[in-house]
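Let me begin by presenting the structure, written as C-alpha cells, before commenting on it.
Reckoned from all heavy atoms, side chains included, excluding hydrogens, waters and symmetry mates. By convention in this document, chain letters (A, B, ...) are assigned in the order of the sequence lines, proteins followed by strands, and residues within each chain are numbered from 1.
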Amino acid sequence: MSDQTQIRTRFAPSPTGYLHIGGARTAVFSWLYAKRYGGKFILRVEDTDNERSTEDSIQQILDAMAWLGLDYDEGPFRQTDRWEIYHSFIKKLLDSGHAYRCVCTREDLDEKRELMQKSGAKPMYDGSCRGKDIPADVGKPYVVRIAGPKDGKTEVEDLLRGTVVFDNSELDDMIIMRTDGSPTYNFCVVVDDADMKISHVIRGDDHLANTPRQLVIYKALGLKPPKFAHVSMILGSDGKRLSKRHGALSVLEYRDMGILPDAFLNYLTRLGWSHGDQEVFTLDELKSKFDLDAVSKSASRFDLEKMTWTNAEHLRKMDNKALVKISGNAFEGIPGERLETLLEMLKPRARTLVDLAASARIYLEDGLEYDEKSVTRFLTSDTASLLSELADRLEIANFGRKEDIETVFNEYLEEKGLKLKILAQPVRVALTGGTVSPGLFDIMAFMGKDKCLARIREGARRGRG
RNA sequence: GUCCCCAUCGUCUAGUGGCCCAGGACACCGCCCUUUCACGGCGGCGACGCGGGUUCGACUCCCGCUGGGGACGCCA
C-alpha cells in the first residue's frame, strides 16, 4: 500500500481536564475509522498551553482510553517535546515572508476588538504590524503572525458537509508564536498533522471555523492538507451544551457506574452514526461496519437511559468468564459451577455491573437488608405461622435439587389448601429482604438449606412482631 | 454583533422524488407469559419546524424565515 492510500487518523486531546463524552466520541470515530480501513491511529497530546495542561489530566485521558480499549499505533506524542520542529517551520515562514513579527500589546488588541465589536464587525486583528518588517531585535516583546490572504475565499472540503466556503476577509492574521516563544495551537496542529502524515482529521464541529485558518498555514508551508470530517457535537439531555452539570462526566465515571466498555463504545458510536436499524453492535461489528458516510450531521443529545439499555443488552450477551473478570473482586472465591448458576439467575435482571454485584450480595453474604415496605406488607402475623411451618417441612428437602424443594412446597400448600401465590411473596421477602428476585426455587437451591431455613424463620419472627 | 454548521416521534435514528397518511430503537402505557421482578412476545402513544417555489408528484431539490448549536483569545 502506498503512502497516499494508507489511512492515518489521530486523537489530539489537550490535557486540561478529564476525557469526557464529546472527546471520547471523536476519539472513537477516529479509532474505528482507522480499524475499518486497516490504518493507523495516533495519539498526540496537545499540551502547548503551559498554564492549563497537567500531568494528572494526561494520565486520566490515558486511563480512560485504556479502559475503552482504544489502542494507538503511534504515540503518545507530546507537543512540548517538539519545540524545535515548530520553530524551524516558524523560521521558514518568517524567511519566506509568510509570517511577520507584531509588537501590538494585549491592551491594544483588546481595545481594537471591542471597537470592532461595537461597530458590528467581526472582532479581528487589523494587521497594523504587517508590512513593517519588524526585526527580531526590536527590543520589545513580539509575537509572530501568519500573513494570510486579504481577499478571495478559502474552501474547506469536508467529508460530512461538503464544501464550506469562508471569505478570507473573515480571517485575520493569527498568532503562531507567543511572546514567550511558544507556538500556538492552530500552528502546531498543522505542522503535526502534516509531519505525522495524518490522512483524515476527524474532530468536533467546533473546529470547523478553525479549519480555513489551518488551511492558510498549510498553503504558506507548501504542505498538502489532510481530509477533514467535522463531526457534530454531543449536547446534554436538555439540548444545551454539555457542561459538568449535565452529562459531561469523565469517561471513567461511566466505568464506575458499571457500564461495560463495549457498551459504552456501542452507545457512543450509535449516537450520531447508524447502520440501518441495528442498535446493538459487538466490537468487531463496529470495527468492520463503521464509516463516515453514515455519520449524522446534526448534534445529538446524550441519553443515559438508552446507554443503560445498551449496557444491559451487552451484559446479557456477555459470557460469564468475561463478566467475572471485568467485575473485579465481586465474585471472588465462588466455585465455577455455582458462579455460573448465580450469573444466569442475575444477568437478565441487571442493567449495570454495579446492579449485578449488588444483587449477588443478597445470596452470597450472611446479613440481609430488609425493605421496610415489603416487610410490613408480607411478613405479617398471618404469614408468620405459615413460614415457620414451611421451614419445618423443608428440613427434609434435598436442597441440591430445586425440584425437591418445589415438591415439599407443593405438598405443604396442598395440605393447607393454599395457592403458591399466597406464600410466594412472604417467602421471597424472608429470603431476600424484598419483593424482587429470580425464581424462588432457584434462589433457594443456590443458597442452600441452612441459609434458607434461617432466613425463613427470621421472617416468621419478624412477622410475629 | 459578524461568520459558519444543523433541522423526521420526548430522545437516538431509517428514509437520498413516487415503495411513506413515514420504519426501527430507548422511554412511556396496555395485554400475554409468570410465584415477584426482569427477560421475551403482542399492541398502543408519538415526528417530517414554518412559508414560498421546482415537479405530474415532495420528508426527500432550491430560496426565505424561525429555532438550535458552534466560532470569533498571546485556550485548545
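At a cut-off of 3.5 angstrom, counting only N and O atoms as typed in the model, there is no donor on one side facing an acceptor on the other between the side-chain of Asp205(A) and the base of G70(B). The base of A27(B) is not paired with the side chain of Asp303(A) by any donor and acceptor separated by under 3.5 Å. With hydrogens and angles left out, the side chain of Thr179(A) and the base of C74(B) share a donor-acceptor pair within 3.5 Å. With hydrogens and angles left out, the side chain of Lys306(A) and the base of A27(B) share no donor-acceptor pair within 3.5 Å.
Between Thr308(A) and C26(B) there is no side-chain N or O to OP1 or OP2 distance below 4.0 Å. The phosphate of C37(B) (OP1 or OP2) has no side-chain N or O of Arg351(A) nearer than 4.0 angstrom. Here Arg213(A) does not reach the OP1 or OP2 of G73(B): none of its side-chain N or O atoms lies under 4.0 Å away.
Using a cut-off of 4.0 Å between Lys/Arg side-chain N and Asp/Glu carboxylate O, Glu279(A) and Arg270(A) are scored as salt-bridged. A salt bridge does not link Lys306(A) to Asp303(A): none of the charged side-chain nitrogens sits closer than 4.0 Å to a carboxylate oxygen. Looking at Asp158(A) and Lys297(A), no side-chain N of the basic residue comes within less than 4.0 Å of a carboxylate O on the acidic one, giving no salt bridge. With salt bridges taken as basic N to acidic carboxylate O contacts below 4.0 Å, none links Asp172(A) and Lys122(A). Under a 4.0 Å N-O distance rule, the pair Glu458(A)/Arg462(A) qualifies as a salt bridge. With salt bridges taken as basic N to acidic carboxylate O contacts below 4.0 Å, one links Arg82(A) and Asp195(A).
At a threshold of 4.0 angstrom between heavy atoms, the contacts of Cys104(A) include nucleobase atoms, whether or not backbone atoms are also involved. As judged by a 4.0 angstrom heavy-atom cut-off over every strand, His207(A) is placed among the base-contacting residues. Thr48(A) comes within contact range of the sugar-phosphate backbone alone, with a heavy-atom separation under 4.0 Å but no base atom that close. Residue-level contact check: Phe166(A) touches the backbone only, with heavy atoms under 4.0 Å from sugar-phosphate atoms and none from bases. If you check every strand for non-hydrogen atoms under 4.0 Å, Val164(A) touches sugar and phosphate atoms only. At a threshold of 4.0 angstrom between heavy atoms, the contacts of Glu305(A) are confined to the sugar-phosphate backbone, with no base atom among them. Within 4.0 Å (heavy atoms only), Ser437(A) reaches at least one base atom of the nucleic acid. Using a 4.0 Å heavy-atom criterion, one finds that Thr435(A) contacts the bases of the nucleic acid, with or without backbone contacts as well. Among the protein residues, Glu46(A) comes within range of the sugar-phosphate backbone only, with heavy atoms under 4.0 Å from sugar or phosphate atoms but none that close to a base. Heavy atoms of Asp110(A) sit nowhere under 4.0 angstrom from any nucleic acid atom.
Across every strand in view, C26(B) sits in a pair with G10(B) that passes the Watson-Crick or G-U test at under 3.5 angstrom. Base pairing annotation: G1(B) forms a Watson-Crick or G-U wobble pair with C72(B), both donor-acceptor distances under 3.5 Å. Checking C39(B) for Watson-Crick or G-U wobble geometry (two distances, each under 3.5 Å) identifies no partner in any strand. C61(B): Watson-Crick or G-U partner is G53(B), with both key distances under 3.5 Å. The partner of C20(B), taking Watson-Crick or G-U wobble pairs whose two distances both stay under 3.5 Å, does not exist in any strand shown.
Residue pairs that meet the ring pair (Phe, Tyr, Trp, His ring centres under 6.0 Å) test with at least one member in residues 140-190 of chain A, sequence neighbours left out, are Tyr185(A)-His207(A).
Side chain of Ser298(A), nearest nucleotide from G70(B), C12(B), C6(B): C6(B). Distances from the side chain of Ser296(A) to the nucleotides U13(B), C37(B), C74(B) place U13(B) closest. With C5(B), A25(B), A76(B) as the candidates, the nucleotide lying closest to the side chain of Arg161(A) is C5(B). Taking every side-chain heavy atom of Glu279(A) into account, G24(B) is the closest of C39(B), G24(B), G70(B). Between U13(B), C26(B), C74(B), one nucleotide has an atom nearer to the side chain of Val143(A) than all others, and that is C74(B). Of the listed nucleotides (C74(B), C12(B), A71(B)), C74(B) has the atom at the smallest distance from the side chain of Arg106(A). Side-chain atoms of Asp49(A) lie closest to A76(B) of the nucleotides A76(B), C26(B), A71(B).
C12(B) atom P lies 20 Å from atom CD of Glu313(A), rounded to whole Å. One atom, CH2 of Trp309(A), and another, P of A27(B), lie 8 Å apart when rounded to the nearest Å. Between the CE atom of Met116(A) and the P atom of C72(B) there is a distance of 15 Å, rounded to whole Å.
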Using nucleotides 29-35 of chain B, report all nitrogen or oxygen pairs with the protein that are shorter than 3.5 Å.
| from | atom 1 | to | atom 2 | distance (Å) |
| --- | --- | --- | --- | --- |
| U35(B) | O2 | Arg428(A) | NH2 | 2.4 |
| U35(B) | N3 | Leu440(A) | N | 3.4 |

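Residues Asp47(A) and Thr80(A) bring a donor and an acceptor atom of their side chains to less than 3.5 Å of each other.
Nearest-nucleotide positions on RNA chain B place Arg301(A) closer to the 5' end than the other of Pro15(A) and Arg301(A).
Within residues 268-275 of chain A, the residues having any heavy atom under 4.0 Å from RNA chain B are, by residue number, Arg270(A), Leu271(A), Gly272(A), Ser274(A).
Tyr33(A) and Phe41(A) have their aromatic ring centers separated by at least 6.0 angstrom.
Classification of the Trp273(A)-His275(A) ring pair by plane angle, with boundaries at 30° and 60°, yields parallel.
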